[in-house]
2 protein chains.
Amino acid sequence: MRNGPDISEVAALIGDPGRAHMLLALLDGRALSAGELAGEAGVTLQTASGHLARMVEAGLLCVEKQGRHRYFRLATAEVAEALSALLALADQGARRRVRTGPRDAAMRKARSCYNHLAGEMAVRAYDSLRQRGLIVVAQDGLDLSDAGHAAFAGLGVALTGSRKPLCRECLDWSERRMHLSGPLGTGLLTMVLDRGWARRETGSRVVAFTQTGEAAFRKAFPLTGDV
Amino acid sequence: MRNGPDISEVAALIGDPGRAHMLLALLDGRALSAGELAGEAGVTLQTASGHLARMVEAGLLCVEKQGRHRYFRLATAEVAEALSALLALADQGARRRVRTGPRDAAMRKARSCYNHLAGEMAVRAYDSLRQRGLIVVAQDGLDLSDAGHAAFAGLGVALTGSRKPLCRECLDWSERRMHLSGPLGTGLLTMVLDRGWARRETGSRVVAFTQTGEAAFRKAFPLTGDV
DNA sequence: GGAACACTTCGGTTTCTGCCGAAGCATTCA
DNA sequence: TGAATGCTTCGGCAGAAACCGAAGTGTTCC
């Protein structure tokens, strides 16, 4: 008998295997059509349609109509954060029986989260920026210092548009550390892909770095203690 | 059709209104008996017992047997984090219809989260410590600098025990900012209560500061820009 | 216009699970 | 030892919802 927002409604929505599959498929930030999501969840189109309608109604997803397709994506960064937190929980629960497989190694190293970079490489970038004073704690979140602006301009990351909530922190479920999200995190991911330092693995959230790409990334985001 | 940890299982568990009520009741970090939790959820004892058994089995809760009572508490900080993330989601969903009531003002100002302090006051303490260089980004999380150790000793916060993951960051669902968790966050909360700067409001997570207590807190954790 | 396609809505079946009454353990107190 | 208390287990019921077949809406292509 308590007031306040009702967790159980959202949680129950995520609590259906079909819907959970769809949400996880969208966690990399891309927009997928209803048909693709139905295939992902392993249900028929009409079942998926019902699920999607409910998730849009609840504010978990947003829709973009394009011709005879309807593309769905996660509505807000909060949704991605909640999913990440639940992933960490489920992971912790499963960790008792099985050891993390070799397939997960690539996921731990680098993957896309919502629309930014996550994993070891993302945490490295975050720590490097913090250490070098390129991002600083501001009144409402993190802010990019002047030197930081210069550094990102040098890397070819465009940071136009509203610069108010330029960068945010996001908890990393494999590293249990913070990494960058927000426009800055998004710009970082697109930069890495544009430069060919890494490419998305089809059908998964893995972001696979090339050997030279990883070296370039490490050089761009040095940490004290590096060789 | 995907591998990886199964979110839906945990989410479905949290997705039942009764279980969600119990979990939220435990979010302040205290241990409650099965009977108290049954009352909280508004169900009979035998129903609650089933719910609790399932949540323990899933690793959401842990039990401590004491005489003929069984006390339940959240198993890990990850559970509290996931609940906070879901709270943020549910809050965002509800924000469309109703405006946040006056009762919520106290919650926003200060409340207990798991076993540490959250809300505006907690964010202030975190920012102050960051600004003054008393906590620094370390290899695996945050670390307390030597000056930080001295400062906390001066405040009477005991920091014995394993000092490895001394402080962690935790996302604040009302402020959307980081605040302290971990031993340091716990110590902060107990210090505030011990000194009589604030007291827990019975039956809620609100931590109510006294007028002098708030002034003392603000003095102990100054921010540039203060009067 | 008609066919193909992407998706939604409707209706009915089936499965799941939350719920409580009753009975069963375990612990404490007299 | 017996009664009271706190909690768990069992069994059956009732409501919810996930699912798919079939039919309907809107868009594109020929």
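These values consider heavy atoms only, across backbone and side chains, with no hydrogens, waters or symmetry-generated copies. Throughout, protein chains are lettered first and strands after them, A, B, ... in sequence-line order, and every chain is numbered starting at 1.
B:D16 has its CG atom 17 Å from the P atom of D:dG15, to the nearest Å. Taking atom CG on A:L37 and atom C1' on C:dT8, their separation rounds to 15 Å, with Å as the unit. Per the geometry, CD1 belonging to B:I14 stands 14 Å off P belonging to C:dG18, to the nearest Å. The CG-P distance, from B:L32 to D:dC7, rounds to 11 Å in whole Å. For the pair A:Q46 CD and D:dC19 C1', the interatomic distance rounds to 9 Å; values are reported in whole Å. Straight-line distance from the CG atom of B:L45 to the P atom of D:dC7: 6 Å, rounded to whole Å. Put simply, CE on A:M22 is 11 Å from P on D:dA18, counting in whole angstrom units. Between B:H21 atom NE2 and C:dG18 atom C1' the separation is 15 Å, expressed in whole Å.
Residues A:V63 and A:R70 form a side-chain contact, since some pair of their non-hydrogen atoms from C-beta on lies under 4.5 Å apart.
Comparing A:T44 and A:G67 by the nucleotide of DNA chain D whose heavy atom lies nearest to each, the residue mapping closer to the 5' end is A:T44. Summary of the strand contacts: A:R68 and A:G18 both lie near DNA chain D, and taking for each the nucleotide with the nearest heavy atom, the more 5' one is attributed to A:G18. Both A:H69 and A:A53 lie near DNA chain C, and the one whose nearest nucleotide falls closer to the 5' end is A:H69.
Proximity note for A:S49 (side chain, C-beta onward) versus D:dC20, C:dT9, D:dT8: the nearest is C:dT9. Listed nucleotides D:dC20, D:dT8, C:dT8 differ in distance to A:V43; the shortest reach to its side chain belongs to D:dC20. Distance from the side chain of B:K65 is smallest to C:dT27 among D:dC20, C:dG21, C:dT27. You'll find that the side chain of A:S33 is closest to C:dC7, out of D:dA18, C:dC7, C:dT27.
At the phosphate of C:dG18, OP1 or OP2 sits under 4.0 Å from a side-chain N or O atom of B:R54. Applying the 4.0 Å criterion to OP1 and OP2 of C:dT27, one finds that B:R70 has every side-chain N and O outside that range. A sub-4.0 Å separation between OP1 or OP2 of C:dC19 and a side-chain N or O of B:H51 is present. Dashed line: the shortest gap from a side-chain N or O of B:T47 to OP1 or OP2 of C:dC20 is under 4.0 Å. Distances shown here put a side-chain N or O of B:R19 below 4.0 Å from the OP1 or OP2 atom of C:dG18.
Of the possible donor and acceptor atoms, one in the side chain of B:R19 sits under 3.5 Å from a partner among the backbone N and O of B:L13.
Residues A:E81 and A:S84 bring no donor and acceptor atom of their side chains to less than 3.5 Å of each other.
The two atoms that bring A:V79 and A:G59 nearest to each other are CG2-O, 4.2 Å, heavy atoms only.
Using the six-membered ring where Trp is involved, B:H69 and B:Y71 have ring planes that are parallel, under 30° apart on the 30 and 60° scheme.
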